[in-house]
Amino acid sequence: MFTISAFADEISADPREQIAVLKKCGIRHIEFRSIHKTNVLALSDEQIREFKKLLDGEGFKLSAIGSPVGKYPIDQPFEAHLDKLERAIELCGVLSTPNIRIFSYYPPGNDANFDPKNWPAHRDEVMHRMKVMAELAAKNGLTLFHENEHRIYGDSPERVRDLLATVDSPNLRAAYDAANYTYGNYDPIEGWEKTKSFTAHLHIKDWKKGGHAAGHEHGVLAGSGDGHIEHSIRDAVKMGYRGFAVMEPHLRGGSSTGGHTGPDLFPPAVEAFRRIMKDCGAQEA
């Protein structure tokens, strides 16, 4: 049973336009990353209250807080990032969701030329931070969903599995993103097979292999890239998956802070995924 949600800031920075488009698409959940071009963790309490009022009035709920927690160089002080996680935890209470999307740290200095072969030197610190965050989530009855983002520790199938198996907490699960594996020249099928036992959240976007480095500037409709999305969806159906499938198409591009699709291209992106669901025997909640 799949509940479709959306990174609604891909539609527009205006929350009212986000909701209007999602209602036309028959979607009633949002993965809350930003409104008014401001990240969720940087919004004021008043902005959060106004957004919650809008959600309640329109009958919308959140699939997760789409936080940037863990999207920082591993050599930056941990305490400041824990403060951000604590803010995300606070917002879970205000916005009535038990879920937070997180990441597992960029290389030291966010070095664009970092060789992934050097990750073992930083593995212990990554694991320490992720364990502390998982323990904090457990204390508050929440679940952290780790996204396999390009260039972080957990961007390869092997390191994502290593991370989740080492922390070994039901409060830290995988948010599987086929396009992110494809973008980073990893095999998304291998990514699924190695991490599916930890996966409890799905991000839906597709991309051509190699991403920007190979001249592919933006995402493509689900099923038309190299993400082999049908493989993971068909297998998830067999496994009895019950959870969210979150639209994040990036059809007009994406960066480290998010993506853009627009109000015109978002509905076709949703319908492309619904066709995959139908072909794979997935039921929509």
Side-chain angles (χ1 to χ4, degrees), residues 2-13 17-18 21-22 24-27 29-31 33-34 63 66 101 103 147-152 155-157 160 174-193 195-196 199 201-237 241 244-282 284:
F2 294 69
T3 301
I4 299 180
S5 182
F7 283 94
D9 55 357
E10 289 221 0
I11 297 170
S12 168
E17 186 173 16
Q18 293 177 10
V21 171
L22 292 181
K24 290 179 181 178
C25 293
I27 296 174
H29 285 82
I30 288 174
E31 195 109 334
R33 180 170 53 199
S34 73
S63 54
R101 185 274 306 265
F103 304 91
E147 180 179 347
N148 53 293
E149 175 81 3
H150 179 53
R151 292 186 60 247
I152 63 173
D155 70 348
S156 75
V160 173
Y176 172 79
D177 190 313
N180 285 352
Y181 283 126
T182 301
Y183 188 98
N185 279 316
Y186 296 108
D187 180 357
I189 293 179
E190 179 188 4
W192 173 256
E193 294 299 331
T195 67
K196 64 183 181 182
T199 296
H201 207 60
L202 302 172
H203 286 177
I204 307 301
K205 67 173 178 281
D206 208 346
W207 215 296
K208 294 291 186 178
K209 187 175 181 180
H212 283 81
H216 307 301
E217 299 295 322
H218 50 76
V220 296
L221 292 174
S224 61
D226 295 316
H228 298 286
I229 292 174
E230 298 89 345
H231 177 88
S232 55
I233 299 303
R234 187 171 289 111
D235 200 27
V237 171
Y241 179 81
F244 290 102
V246 187
M247 299 300 306
E248 191 185 15
H250 282 27
L251 294 186
R252 286 193 168 98
S255 68
S256 62
T257 58
H260 179 53
T261 295
D264 55 336
L265 295 183
F266 209 89
V270 173
E271 290 312 306
F273 178 60
R274 281 191 168 125
R275 286 193 293 272
I276 290 176
M277 290 179 60
K278 182 178 180 181
D279 291 344
C280 294
E284 184 175 349

K.L.:
I'd like to check the ring pair (Phe, Tyr, Trp, His ring centres under 6.0 Å) partners of Tyr176; sequence neighbours left out, ordered by chain and number.
P.N.:
Tyr181, Trp192

K.L.:
Does the side chain of Ile233 come within less than 4.5 Å of Leu202's, by heavy atoms?
P.N.:
yes

K.L.:
Could you please spell out the steps behind the side chain to side chain contact (heavy atoms under 4.5 Å, CB included) verdict for Leu22 and Ile11?
P.N.:
CA-CA 9 Å; Leu22 292 181; Ile11 297 170; 3.7 Å; yes

K.L.:
What's the verdict on side chain to side chain donor-acceptor pair (under 3.5 Å) for Ser63 and Glu31, showing C-alpha distance, side-chain angles and the deciding distance?
P.N.:
CA-CA 5 Å; Ser63 54; Glu31 195 109 334; 2.4 Å; yes

K.L.:
By ring pair (Phe, Tyr, Trp, His ring centres under 6.0 Å), which residues pair with His203, not counting sequence neighbours?
P.N.:
Phe7, His201

K.L.:
Using modelled atom types and a 3.5 Å cut-off, is there a donor and acceptor pairing between side-chain atoms of Asn180 and backbone atoms of His150?
P.N.:
no

K.L.:
Run the ring pair (Phe, Tyr, Trp, His ring centres under 6.0 Å) test against His216 and tell me which residues pass, sequence neighbours left out.
P.N.:
none

K.L.:
What residue pairs, at least two apart or across chains, pass salt bridge (Lys or Arg N to Asp or Glu O under 4.0 Å) with a residue in residues 252-270?
P.N.:
Arg252-Asp264

K.L.:
What residues, two or more places apart in sequence or in another chain, satisfy side chain to side chain contact (heavy atoms under 4.5 Å, CB included) together with Arg151?
P.N.:
Tyr106, Pro107, Asn110

K.L.:
Ignoring hydrogens and geometry, is there a side-chain-to-backbone donor-acceptor pair from Asp206 to Val220 under 3.5 Å?
P.N.:
no

K.L.:
Between the side chain of Ser5 and the main-chain N/O of Val246, is any donor-acceptor distance below 3.5 Å?
P.N.:
no

K.L.:
Hey, is the main chain of Ser12 close enough, under 3.5 Å, to the side chain of Gln18 for a donor-acceptor pair?
P.N.:
yes

K.L.:
The test is side chain to side chain contact (heavy atoms under 4.5 Å, CB included); show your working for His250 and His218 and say whether it passes.
P.N.:
CA-CA 6 Å; His250 282 27; His218 50 76; 5.8 Å; no

K.L.:
For Lys196, enumerate each residue passing the salt bridge (Lys or Arg N to Asp or Glu O under 4.0 Å) test, keeping only those at least two apart in sequence or located in another chain.
P.N.:
Glu193, Asp235

K.L.:
Given 3.5 Å as the limit, does a donor-acceptor pair link the side chain of Lys208 with the main chain of Ser224, or not?
P.N.:
yes

K.L.:
Are Glu284 and Lys278 ion-paired here, with the side-chain N under 4.0 Å from a carboxylate O?
P.N.:
no

K.L.:
Short question: side chain of Asp226, backbone of Lys209 - any donor-acceptor pair under 3.5 Å?
P.N.:
yes

K.L.:
Any donor-acceptor pair under 3.5 Å linking the side chain of Tyr183 with the backbone of Tyr186?
P.N.:
no

K.L.:
Evaluate the side chain to side chain contact (heavy atoms under 4.5 Å, CB included) criterion for residues Glu147 and Glu248: first the C-alpha distance (whole Å), next the side-chain angles of each, then the deciding distance (0.1 Å), finally the verdict.
P.N.:
CA-CA 12 Å; Glu147 180 179 347; Glu248 191 185 15; 4.0 Å; yes

